[in-house]
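Below is one structure, written out as structure tokens; the observations come after it.
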Amino acid sequence: MANKRLIPILTLIIFIGVVAGVFSHMKNNNATDAHTPESTSQAKKSTTNPDPSHKTKITPELMVVNKKHPLNRDYNPYNGSTTDNNPSGSGLSPATNQAKTALIQAMQKAGFQISNNISGYRSYQYQTILYQNYVRQHGQAEADTFSARPGYSEHQSGLAFDLVGADGDLPTDNQMYQWLQKHAHNFGLIIRFPRGSNASTGYIGEEWHMRYVGKTNATKMYQQHIATLEEFTGLPGGEYNQDSQQDIPAISEID
């Protein structure tokens, strides 16, 4: 009889213990959930606010002139002729002109048939004539793949020039291209529009188009296998903005 009386008491004790355990478990879960939003917030901050990527300081010799970074129509800091393409090197910065002469001499010594004349500084007015002629011959869409609109030509910067073959044509020799890829940096120069880089530069490959960036920068690009000035500086390139008001003047990007 005493055992029968103990059964209800034991049952009640067990029930109370179970209820207490369930309550304690729910309390602990609620305490954990209270910290979840804060943890989630911290995780979101760490993924949505990454450290800014490195960007090369843009000095005057690294000025980027492309389809999104134009020059004003009167830009002519080295007093080039406005009526031709300055084949003697007039209109180029002194450092660019020296690099041009040294490069051509080295190429001629290496056996390449390269003229002493170049296609150098081009004014806004002269580029207008060239571009309009190409548009008439090829249509604007195709012309934009190889010729800059006036104001967007790197030739107007005084930091770029085209090599010219001894026959007067633009040189496209594969061996010359490979030589320039290997040696141009020794003169502070880069191939401005390497083959296959049109997504970055906005233009088809032009192995004859040289750009002065200085020996330090050119060597860094060579050693780090950086193909384009856009990639090196971190500035956008590619095609023209649909609205030219989105353009940023090349001068204003200089640090």
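The salt bridge (charged side-chain N to carboxylate O under 4.0 Å, His left out) pairs that include a residue from residues 66-92 are K67-E239, where partners are two or more places apart or lie in different chains.
Under the 3.5 Å distance criterion, the side-chain polar atoms of N241 are left unmatched by any main-chain donor or acceptor of D243. In this structure, N66 contributes its side chain and P236 its backbone to a donor-acceptor pair below 3.5 Å. In this structure, N97 contributes its side chain and S93 its backbone to no donor-acceptor pair below 3.5 Å. Judged by distance alone, with hydrogens and angles left aside, the side-chain atoms of S147 form no donor-acceptor pair with the main-chain N or O of D144 at under 3.5 Å. Here the side chain of S197 pairs a donor or acceptor atom with the backbone of P194 at under 3.5 angstrom. A donor-acceptor contact shorter than 3.5 Å is absent between the side chain of S119 and the backbone of D162.
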Under the side-chain contact (heavy atoms from CB on, under 4.5 Å) rule, what do V164 and D169 come out as? Steps first, then yes or no, please. CA-CA 6 Å; V164 178; D169 293 332; over 6 Å; no

Can you check side-chain contact (heavy atoms from CB on, under 4.5 Å) on F193 and E207, steps first, answer last? CA-CA 7 Å; F193 307 124; E207 53 265 42; over 6 Å; no

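Looking at heavy atoms from C-beta onward, T59 lies out of side-chain contact with D255 at the 4.5 angstrom threshold. Contact check for Y152 versus S244: side-chain heavy atoms found under the 4.5 Å cut-off. Two residues are said to be in side-chain contact when any heavy atoms from C-beta on lie closer than 4.5 Å; T128 and R149 fail this criterion. In this structure, Q156 and S123 have side chains that are not in contact, with every pair of non-hydrogen atoms separated by 4.5 Å or more.
No hydrogens or angles considered: nothing links the side chains of D173 and Q113 as a donor-acceptor pair under 3.5 Å. Of the N and O atoms on the side chains of E154 and H209, at least one donor lies less than 3.5 Å from an acceptor on the other residue. No side-chain donor from either of T228 and T201 sits under 3.5 Å from a side-chain acceptor of the other. For the residue pair R122 / N76, no side-chain donor-acceptor distance below 3.5 Å is found, with atom types taken as modelled. The closest side-chain donor-acceptor pair between H69 and E253 falls under 3.5 angstrom.
G165 and S115 make their closest contact through O-CB, 3.7 Å (heavy atoms, listed as atom of the first residue, atom of the second, distance). Minimum heavy-atom separation, S157 to P77: O-CG, 4.3 Å. Across all non-hydrogen atoms, the minimal contact from D247 to P70 is CB-CD, 3.9 Å. When all heavy atoms of T96 and A160 are compared, the closest pair comes out as CG2-N, 4.3 Å.
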Please report, to 0.1 Å, the donor-acceptor pairs under 3.5 Å made by any side chain of residues 213-222, with sequence neighbours excluded.
{"from": "N217", "atom 1": "ND2", "to": "E61", "atom 2": "OE2", "distance (Å)": "3.3"}
{"from": "N217", "atom 1": "ND2", "to": "V213", "atom 2": "O", "distance (Å)": "2.9"}
{"from": "T219", "atom 1": "OG1", "to": "K215", "atom 2": "O", "distance (Å)": "2.7"}

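Applying the salt bridge (charged side-chain N to carboxylate O under 4.0 Å, His left out) criterion to E230, with sequence neighbours excluded, gives R192.
Sparse packing is recorded around CD of Q175, with 12 or fewer heavy atoms of other residues, nucleotides or ligands lying under 6.0 Å away. Atom CD of Q137 has more than 12 neighbouring heavy atoms from other residues, nucleotides or ligands inside a 6.0 Å radius.
Grouping the Ile, Leu, Val, Met, Phe, Trp and Tyr side chains by contacts below 4.5 angstrom, directly or via other members, places Y240 apart from L71. No continuous path of ILVMFWY side-chain contacts below 4.5 Å connects I248 to V64, so the two sit in separate hydrophobic clusters. Hydrophobic clustering, with ILVMFWY side chains joined whenever heavy atoms are under 4.5 angstrom apart, keeps Y121 apart from Y78. Note on I254 and Y75: same hydrophobic cluster, where clusters join Ile, Leu, Val, Met, Phe, Trp and Tyr whose side-chain heavy atoms are under 4.5 Å apart, directly or indirectly.
Membership of the apolar cluster around W179 extends to L92, L103, I104, M107, F112, I114, I118, F161, L163, L170, M176, Y177, L180, F187, L189, I191, W208, M210, Y212, as traced through chained side-chain contacts below 4.5 Å between ILVMFWY residues. Alongside V135, the hydrophobic cluster contains Y131 (criterion: ILVMFWY side chains under 4.5 Å). Y124 shares a hydrophobic cluster with no other residue; no ILVMFWY side chain has heavy atoms under 4.5 Å from its own.
For the atom pair Y134 OH and Q140 CD, the distance stands at 15.5 Å (nearest 0.5 Å).
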